[in-house]
Amino acid sequence: MGNWMIINASPRAPRSNSKRYAQMVSQCYEGTVAYCPLTKTNHSELLAKMDGISDLLFVFPLYADALPVSLLHFLKFLEEHPPAHRPTVSVLINCGFLEPEQNEIAVEMMRLFCRQNEYPFGSVLEIGSGEAILDSPFRFLIAGKIRRFVRSIAERNYRTLRVTMPLTKGMFVRAAESYWVNYGKQNGVTKEQMQTMQIE
Ligand SMILES: Cc1cc2nc3c(=O)[nH]c(=O)nc-3n(C[C@H](O)[C@H](O)[C@H](O)COP(=O)(O)O)c2cc1C
C-alpha cells in the first residue's frame, strides 16, 4: 500500500473546507497519509517530505476560476526544484458555486503542470457548493464520492468524479443569499454594506 501526502493549498488552511475534505480522505485510506498545509515559507520542507511518497494529493479551493496564487507559487518552486522521484498527482478541488464544472479550468492547469513536469496524473474530484455541502443534509453525497475517489487512486484506476448539492440554481441562490445575509447580521453588517466595495 502506497504512502500518500496531502497538500492543503487553501490560503486559509487551518480553518478551511479543504482541511475537512482532506480529513475525510485520510479517514478512508488505510495506508499512511502525511497531511501538510501549504504556507509561503514551507516549500522546501514539503519537497523533502515527498521522498518515498507514491501519491501526492492537492486539496484546494477554486479562486477566480483558477488556482490560489499560493499554489501557483508552489508549483513554480517545484518546476525549479523537481523531486528525485515524481509521485502520481491527484486533485480534490472545491468551489463555492453550485456547478462542479466551474473547477474544470483549474484542473486543466494542474494537468498541464503535470504534463510539462513529468508527473503521472491520477484522479480528480470536483466539488460544487463546497462551502455549504458539508454542513447540509447532502454531506453523505460527499462521503460516498470521497470513498470512490480514494479507491480509484489506491487501485490505480484513475477517474474524474463530480459532486454537488442536488438543488436547482434558483434554490441554491436563495439559500446562499439568506445564509450570507444572516451571517452578515451576526457580524453587524447589512446586505447593502456587503454589496459595496468597502466590505473588505
Ligand atoms: C478570493 C476568492 C475567490 C473565489 N473564487 C471563486 C470562483 O471563481 N468560483 C467559485 O465557485 N468559488 C470561488 N470562491 C469560493 C471558494 O472556492 C469556496 O468558498 C471554497 O469552499 C473555499 O475553500 P477553502 O475553505 O478550502 O479555502 C472564491 C473564494 C475566494 C475567497
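Atoms within a ligand are numbered from 1 in the order they appear, just like the ligands themselves.
In this structure, F172 has its ring center no closer than 6.0 Å to that of F97.
Between the side chains of N8 and Y35, a donor-acceptor pair is found at a separation under 3.5 Å. Looking only at atom types and distance, the side chain of S10 has no donor-acceptor partner in the side chain of N17 under 3.5 Å away. Between the side chains of Q102 and E99, a donor-acceptor pair is found at a separation under 3.5 Å.
With hydrogens left out, the protein atom closest to atom 29 (C) of ligand 1 is Y63 CE1, 3.7 Å, a heavy atom. For atom 23 (O) of ligand 1, the closest non-hydrogen atom of the protein is P61 CB, 3.2 Å. Protein heavy atom in closest approach to atom 20 (C) of ligand 1: N94 OD1, 3.1 Å. Looking at atom 17 (O) of ligand 1, its nearest protein heavy atom turns out to be L62 O, 2.8 Å. Closest to atom 15 (C) of ligand 1 among all protein heavy atoms lies G96 N, 3.7 Å. Closest to atom 11 (O) of ligand 1, if we only count protein heavy atoms, is F97 N, 2.9 Å. Among all protein heavy atoms, the one lying closest to atom 8 (O) of ligand 1 is D65 N, 2.9 Å.
Within the listing of ligand 1, atoms 24 (P), 25 (O), 26 (O) sit less than 4.0 angstrom from a heavy atom of S16. Shown in contact with A64 at under 4.0 Å from a heavy atom are these atoms of ligand 1, numbered in order with element: 3 (C), 4 (C), 5 (N), 6 (C), 7 (C), 8 (O). Set against the non-hydrogen atoms of E131, the atoms of ligand 1 under 4.0 Å away are 18 (C), 19 (O), 20 (C), 21 (O), 22 (C). Every atom of ligand 1 with a heavy atom of S10 under 4.0 Å away is listed here by number and element: 24 (P), 26 (O), 27 (O).
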*For the pair E104 and R162, evaluate salt bridge (charged side-chain N to carboxylate O under 4.0 Å, His left out) and give the outcome as yes or no after the intermediate values.*
CA-CA 10 Å; E104 289 289 332; R162 295 187 184 91; 2.7 Å; yes
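Looking at ligand 1, you'll find an N or O of S18 within less than 3.5 Å of one of its N or O atoms. When only interatomic distances are considered, the shortest N/O to N/O separation between Q102 and ligand 1 does not fall below 3.5 Å.
Residue contacts with ligand 1 for K19 are absent, since no atom lies close enough (heavy atoms, distance under 4.0 Å). If you look at C95 next to ligand 1, the close heavy atoms, those under 4.0 Å, come from the backbone and the side chain alike.
When side chains are defined from C-beta on, W4 counts as touching Y29, because their heavy atoms get closer than 4.5 Å. Counting heavy atoms from C-beta on, the side chains of R20 and D135 come closer than 4.5 Å. For the pair I153/L57, a side-chain contact is recorded, criterion being any heavy-atom separation below 4.5 Å from C-beta on.
Under a 4.0 Å N-O distance rule, the pair K191/E177 qualifies as a salt bridge.
Other residues, nucleotides and ligands contribute only 12 or fewer heavy atoms inside 6.0 Å of the CG atom of D51.
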